[in-house]
Amino acid sequence: METEIFESPEALAFAAAERMTSLIMTKPNACLCLAAGESPRLSYAALVQKLKAEAVDCSGLRFVSLDEWLGIHPSNSGSCFYFLNEALFKPLHIAPESVHFFNSMSTDPDLECERIDYFIRCAGGLDLILVGIGMNGHIGFNEPGTDPALKSHVVELDSLTTSVGQKYFSSHTLLSQGITLGISQCMEAGTAILLASGEAKAPIIRRTMNDSVSSQLPASHLRLHKNAFLMIDKAAAQLL
Ligand code: F6R
């Protein structure tokens, strides 16, 4: 895993947008799996700006869900879908048919997992996965202890995830389960980016890079990925 440290969150966002743009320009029908959350917010704004400025055709792109809160409707502003729809799909005029997300309201979430796994297989795999990192080292909703061989699966969320997750919601929201791609699918993606910014992420970034690769520290698996980049700002890198 290659580590890239940037002076500021803005410089990080610019570089992440550049990396995503060059991938998109090389493969206009790329299959992209992008995290929601605070970490990539600036990067997505920079990406939209760059793709528009360079008049890049995004009509062939496909987007796959990384994760979602189970039981939270996509119209809820705290959902991962809502975030990505506002940050990317609407500004880039991505057609709904190009967006393949977990249905968080499904009465059969295991079937949802099979549906998304099948889509990824038929698409020939993910070209890019961009993940943030949870305070407990999760990527997607792969919590500490997750079997790294799993593909999409339903998760009992860690108490840290459900409490930190309140930041995405306008009022207190009951969060207990998630649905997520598995670590094996992150590992099979052509390119993986782990993005973090801010000093709050510094301790978990240090552990991710220095501790042994272990299922107790899901993000650490990315160190074994064949084409992975840790893109962080100085604040998140301060304990490395
Ligand atoms: C969200 C996701 C989560 C977040 C992580 C960090 O789709 O997959 O794993 O990336 O919890 O969240 P932020 O970026 O809000 O600190």
Side-chain angles (χ1 to χ4, degrees), residues 9 12-13 16 20 32-47 63-70 72 74 76-89 99-102 104 113 116 126 128-146 148 150-170 173 175-183 185-187 189 192-205 207-208 215 217-222 228-233 235-237:
L12 165 63
M20 288 189 271
L32 310 174
C33 177
L34 307 176
E38 289 308 321
S39 309
R41 188 184 285 281
L42 281 180
S43 300
Y44 296 158
L47 177 64
F63 293 86
V64 178
S65 220
L66 172 61
D67 53 6
E68 192 53 279
W69 310 101
L70 262 190
I72 301 295
N76 185 316
S77 60
S79 73
C80 297
F81 174 81
Y82 188 97
F83 174 90
L84 286 160
N85 198 34
E86 296 297 317
L88 287 175
F89 306 150
V99 176
H100 304 270
F101 267 48
F102 291 119
S104 56
C113 293
I116 293 293
L126 300 169
L128 170 72
I129 185 146
L130 181 147
V131 295
I133 183 168
M135 301 298 280
N136 60 2
H138 74 205
I139 51 173
F141 280 149
N142 291 280
E143 302 286 29
T146 302
L150 287 179
K151 298 212 179 295
S152 300
H153 58 283
V154 172
V155 181
E156 294 301 324
L157 294 167
D158 194 287
S159 58
L160 191 58
T161 302
T162 58
S163 59
V164 172
Q166 296 301 325
K167 70 178 175 181
Y168 307 120
F169 295 88
S170 51
T173 303
L175 303 170
S176 62
Q177 287 186 309
I179 185 166
T180 185
L181 292 197
I183 291 171
Q185 288 159 310
C186 301
M187 297 301 285
I193 300 175
L194 173 55
L195 205 74
S197 83
E199 65 178 332
K201 294 287 170 75
I204 194 64
I205 289 294
R207 287 188 54 210
T208 297
S215 59
L217 199 47
S220 67
H221 290 285
L222 292 176
F229 301 87
L230 173 67
M231 301 183 75
I232 52 179
D233 65 6

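As the structure lists them, so they are numbered: ligands from 1, and atoms in each ligand from 1. The structure displayed is predicted, hence computed values, not measured ones.
Contact between L66 and ligand 1 is present, with at least one heavy atom of the residue lying under 4.0 Å from the ligand. At least one heavy atom of Y168 sits closer than 4.0 Å to an atom of ligand 1.
For atom 11 (O) of ligand 1, the closest non-hydrogen atom of the protein is H138 NE2, 2.7 Å. Protein heavy atom nearest atom 8 (O) of ligand 1, with residue, atom name and distance: D67 OD2, 2.5 Å.
Taking a cut-off of under 4.0 Å to the non-hydrogen atoms of K167, the atoms of ligand 1 that pass are 13 (P), 15 (O), 16 (O). Against a heavy-atom cut-off of under 4.0 Å, I133 is close to the following atoms of ligand 1: 5 (C), 6 (C). Listed by atom number, the atoms of ligand 1 under 4.0 Å from G37 heavy atoms are 14 (O), 15 (O). Short contacts between ligand 1 and S39, defined as distances under 4.0 Å to a heavy atom of the residue, involve ligand atoms 13 (P), 14 (O), 16 (O). Residue contact check: E38 has heavy atoms under 4.0 Å from atoms 13 (P), 14 (O), 15 (O) of ligand 1. Short contacts between ligand 1 and K201, defined as distances under 4.0 Å to a heavy atom of the residue, involve ligand atoms 6 (C), 13 (P), 16 (O).
Residue contacts with ligand 1: A35 is placed with no nitrogen or oxygen under 3.5 Å of a nitrogen or oxygen of the ligand (distance criterion only).
For the pair I232 and K201, the minimum side-chain heavy-atom distance is 4.5 Å or more.
Listed for the T162 side chain is no donor-acceptor partner under 3.5 Å among the backbone atoms of L175. In terms of modelled atom types and a separation under 3.5 Å, the side chain of Q185 and the main chain of S152 share a donor-acceptor contact. Remark: the backbone N or O of T173 is paired with a side-chain donor or acceptor of Q166 at under 3.5 angstrom.
Using cut-offs of 30° and 60° for the angle between ring planes, the Y168 and W69 rings count as tilted.
Distances from atom 9 (O) of ligand 1 to the heavy atoms of G137, G140, G132, A36 show the closest one on G140.
Ring to ring, F63 and F89 are close: their centroids are under 6.0 angstrom apart.
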Working for side chain to side chain contact (heavy atoms under 4.5 Å, CB included), residues I139 and T180:
CA-CA 9 Å; I139 51 173; T180 185; over 6 Å; no
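The number of heavy-atom neighbours closer than 6.0 Å to CD of E199, taken from other residues, nucleotides and ligands shown, is 12 or below.
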